[in-house]
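Source: prediction; values computed, not measured.
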Amino acid sequence: MTELLALAIGLILLALAFPYVRRTRHPKVAPLAAFLLFATLFLVVSGTLYFALLWFVLKMGWAPRLANPLGALALLLLVFAPAFLFARWMIRRPPLDRPAPK
């Protein structure tokens, strides 16, 4: 059940991300490129954190705590907050200035 809740919350956050990304991206980055970068980083970081934290919780024997809504919410906050902050940081950075190919 926690997996479905996490997936649903993640998809809702991505749907709401496009207007946010358009507003907060660096001006030199195209809106679609910024959204694709945000979505990719958000999904990769949150997926990695989710499975790493879930593995840790299971190894420590804390799985029954996830049945509690506060425990599940804490896990989801530990997953989605760092992923959001990292993806936001990346879309706000200016693009790399590379020399034009000859």
What's the separation between atom CG in Leu73 and atom CG in Leu78, rounded to the nearest 0.5 Å? 9.5 Å
Rounded distance (nearest 0.5 Å) linking atom NE2 of His26 with atom CE of Met90: 13.0 Å
Could you state whether Leu16 and Leu76 fall into the same hydrophobic cluster, counting links through intermediate Ile, Leu, Val, Met, Phe, Trp or Tyr residues with side-chain heavy atoms under 4.5 angstrom apart? no
Under the rule for ring-ring contact (aromatic ring centres under 6.0 Å, His included), what residues qualify as partners of Trp89, not counting sequence neighbours? Phe86
Considering only heavy atoms from C-beta outward, does the side chain of Thr24 approach that of Ile91 to under 4.5 Å? yes
Here the gap from Leu37 atom CG to Arg93 atom CZ, rounded to the nearest 0.5 Å, amounts to 9.0 Å
To the nearest 0.5 Å, atom CG of Leu85 lies from atom CZ of Phe42 at 10.0 Å
With the 4.5 Å side-chain cut-off for hydrophobic clustering, are Phe56 and Leu66 part of the same group? yes
Mind checking side chain to side chain contact (heavy atoms under 4.5 Å, CB included) for Lys59 and listing every partner two or more places apart, or none if nothing turns up? Trp55
Rounded distance (nearest 0.5 Å) linking atom CZ of Arg88 with atom CZ of Phe38: 9.0 Å
Measure the shortest side-chain to side-chain distance between Pro95 and Lys28 over non-hydrogen atoms and say whether it is less than 4.5 angstrom. yes
Hey, quick one: are Leu5 and Leu77 part of the same hydrophobic cluster, counting side-chain heavy atoms closer than 4.5 Å, chains of contacts allowed? no
Rounded to the nearest 0.5 Å, how far apart are CG of Leu58 and CG of Leu53? 11.0 Å
Kindly work out whether a path of hydrophobic side-chain contacts (I/L/V/M/F/W/Y, heavy atoms less than 4.5 Å apart) joins Val79 to Ile12. no
Establish whether Phe51 and Trp62 are linked, either directly or via other cluster members, by ILVMFWY side-chain heavy-atom contacts under 4.5 Å. yes
Could you please spell out the steps behind the side chain to side chain contact (heavy atoms under 4.5 Å, CB included) verdict for Leu75 and Tyr50? CA-CA 8 Å; Leu75 177 74; Tyr50 178 77; 4.1 Å; yes
Would you say that Phe35 contacts Tyr20 through its side chain, given a criterion of any heavy-atom pair below 4.5 Å between the two side chains? no
Minimum heavy-atom distance Leu41-Ala87, with the two atoms named: CB-CB, 4.1 Å
For Arg22, the side chain to side chain contact (heavy atoms under 4.5 Å, CB included) test, sequence neighbours excluded, returns Phe18, Pro31
